[in-house]
Amino acid sequence: MKHRIKHPASSFTIQNDKLPAGSVLQIDAITDNIIRIHTITGTQNTDGSSFAIENPPGLSGSFDISSHKQAITAATSCLTLKASKSLQIDIYDKKGNLVCAGARANNNVAAQLSKEEISQLIQEGHMADTSDIQFKYKATKKIMGDESFYGLGDKTGFLDKKGYDYIMWNSDNPDPHVENPAFRALYKSVPFFIVRRQNCTYGIFLDNTYKSYFDFGCSDAGCYSFGVTGGELDYYFIYGKNIKEVIKNYTSLTGRSPLPQLWTLGYHQSRWSYSSEDEVIKLADNFKKYDIPCDAVHLDIDYMDQFKVFTNDSSRFPDLKSLSRRLSKDGIKLVSIIDPGVKAEDGYYMYDEGNKNNYFATSEDGKVYHNAVWPGDSVFPAFTSSKVRKWWGDKTKFLTDNGISGIWNDMNEPASFNGPLPDNIIFPGDGKDYTHKEIHNVYGHLMAEATYNGLKENTQKRPFVITRACYSGSQKYTTVWMGDNQSIWTHLKLAIPQILNCGMSGIPFCGVDIGGFGSNATPELLSRWTEACCFFPLFRNHSAKMTRRQEPWAFDKRTLDICRKYIKLRYKFIPYLYDLCYEETLTGLPILRPLVMEYENDPEVINCNDEYLVGNSILVAPVTDQGVSVRSIYLPHGIWIDYNSGRRIKGGRYILYNAPLDICPVFIKGGSILPTYPGIPNLDMPNTRKLVIEFYPLDYKAPGNYTSKACYYMHYQDNGTDFNYQTGEYNLYKFSFSPDRPGGLEIKLTTNGYKGKYKSISAVIK
Ligand code: MIG
């Protein structure tokens, strides 16, 4: 919901005739390294409010303000901001270095096509973004050196966004999955980015839900800009001494992902659609038959009765509850899809209840607004209202009572088949009506919030929600996937920078459709895709109707063997992934990290698009090209242990690596201690009580003959299901290695709150 941000103790305002009549620019010290810069119009809503920020960090910042003729200077203990009367804002660090300099606004809009360009595109039968971009506000900053730009959620393109421009407008249009000059938006709006140059990092969070534009030196190499088409200019300058600090500070504002249920880190199998109970049972049997671990099967839209949400098709799925019971014997959970569009059909309970209570969006004349989605003629719940969210959340009981363990929110941009929703459609909220233009980009966010709270209340378990559309801060409620990619190699390549930027935007639990959603996968593509994504937080194979089937066994024995091998590798490292989830709850740091996050001063990794780190101990450099079995890999400085051969390799250089189809290059950082599972069939709790600790010393000659520096690792354990950990029901272990200690490795329980201790922990030295 929309939250009021309390008026900070320390702030000042500037008036200027460049601002619209009745508006002032207000600058607030939120903390000593977060400064909010926002316009305020009129008297109403003077504190501003936010969909993304619910519990701002303490509002502890304070300004020391001095005013001169031409400028106001305001200093916190970390930053000094100078605001000229002409509204140029420069920000300095404690040492007096200029961190972020305002630039004179220009009229350049990279995304705006000229009239001639538009008519030519249309003449040739192409689609074009013909909208006339009218900025209400635009902020322009200097590019001062070798800046790189990271973040922006799910946007396509490279890790470093310098030289590109993007649009925030949640869009159900899979075309922009590849670079396309006519479209720059995708499903999500996460208007946060990190700016990094030598010895300097900061982030900017533009908290505005209207359509907004970002230009990173695209239309003018000397500056970057961001502009909004409605509402107030409202952005946070977020300082940090490195990328990690910026992410910590950003997530201290917009929130962090809570711990997931353990099983959600397992392998998920999906298809549009598994469309009968029999088919689902056969699917589950195949996982057993082929010896492949699996924790979840997803039910796409065909389980519903005529696509009516919160119903089931009783001819195909007569008894979901007993189906779920049958699957749980094999440790498999069911996740089902839910779309926001409610079928407009008298007598259908969702439609009737919503109508009776005015829960649906309306036209300006107050009549319920209709468009079409999967059920045909449909109406759209106003998730802007807390009553509607409660209503929707309560309805999830239909699914949880039927044994469904997680909800997959689709089409919540919202997508519509009869043209886009007009800007002026009204979504009633709490004490305020919102226009579609204002809340389009948070529709998916609010639906996720409703789903999360409903699941939490109905089950008392940690809710598992996946969403396609979202906004900054959605990480508190949901995991995300990247929508409709295709079974093509460029989309496999794209998945890496997409997921890394998503993680740097505060959304750690994310994934892509493994094998590709649209078009036909090949055995080679599915093999490489499963390898490349085997550490992705959300690990789901999904494919579209009318495409070639894509389960691990759908092709040949070799593909099956490779998928099994990498799915098992994934399960082996789930304790490590879960530890990273725990770390994320404390810091906001993503599970998958670009190399630049851990090796910030290494110029080789600034735009490394084809490798990623899992935490800081595992480096993955998958093959993402067809027909390729050798690739170059950059290893940052340090000793890296080739997971496939055990070889120790000195980093700080490129190596050429042989990676035939069944090999994904994976490296462990020398001196790492990692918790692993011995082979387990799934994540049912009894299977997860045994742990094997692997230690990768810097130098290893033979069993018992190795050397390493002192190091330690903290391992987290709880019941993997509910919220009891919040009242202390968890264990923290410290695994440490000391070269002086006989026997080397020591395993110690440091905090013991949870009684379900591991039955056995064994140490393996690699
Ligand atoms: O119009 O539910 O992105 O994952 O399988 C397509 C059917 C609707 C789009 C989702 C996709 C899902 C599909 N949905």
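Both counts, for ligands and for their atoms, begin at 1 and track the order of listing.
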Who gets closest to atom 6 (C) of ligand 1 by heavy atom: W374, F417, Y187?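 Comparing heavy atoms across W374, F417, Y187, the nearest one to atom 6 (C) of ligand 1 lies in W374.
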Nearest heavy atom to atom 14 (N) of ligand 1: which of I337, D172, D410, I466 does it belong to? D410
Sub-3.5 Å N/O-N/O distance, [X] and ligand 1:
X: D513; answer: no
X: W408; answer: no
X: W481; answer: no

So that I know where these two stand, are Y443 and F427 an aromatic pair - ring centroids less than 6.0 Å apart?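 Yes, they do, as the ring centres are separated by less than 6.0 Å.
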Ring-ring centroid check H298 H542, cutoff 6.0 Å: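 No, too far apart.
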Within-shell test, F307 vs ligand 1, heavy atom, strictly < 4.0 Å: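 The answer is no: ligand 1 sits nowhere under 4.0 Å from a heavy atom of F307.
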Pair [X] + [Y], salt bridge at N-O below 4.0 Å:
X: K282; Y: E279; value: no
X: K493; Y: D625; value: yes
X: E277; Y: R316; value: no

Checking the side chain of N312 only, and the main-chain atoms of F317 only, is there a donor and an acceptor separated by less than 3.5 Å? yes
For H542, the ligand 1 atoms with a heavy-atom partner under 4.0 Å come out as 4 (O), 5 (O), 11 (C), 12 (C)
Can you list the atoms of ligand 1 that are under 4.0 Å from a heavy atom of D484? 3 (O), 4 (O), 9 (C), 10 (C), 11 (C)
Find out whether K161 and Y166 are in side-chain contact, i.e. whether some heavy atom of one side chain is under 4.5 Å from a heavy atom of the other. yes
Closest protein heavy atom to atom 7 (C) of ligand 1, given as residue, atom name and distance to 0.1 Å: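 Protein heavy atom at minimum distance: D300 OD1, 3.2 Å.
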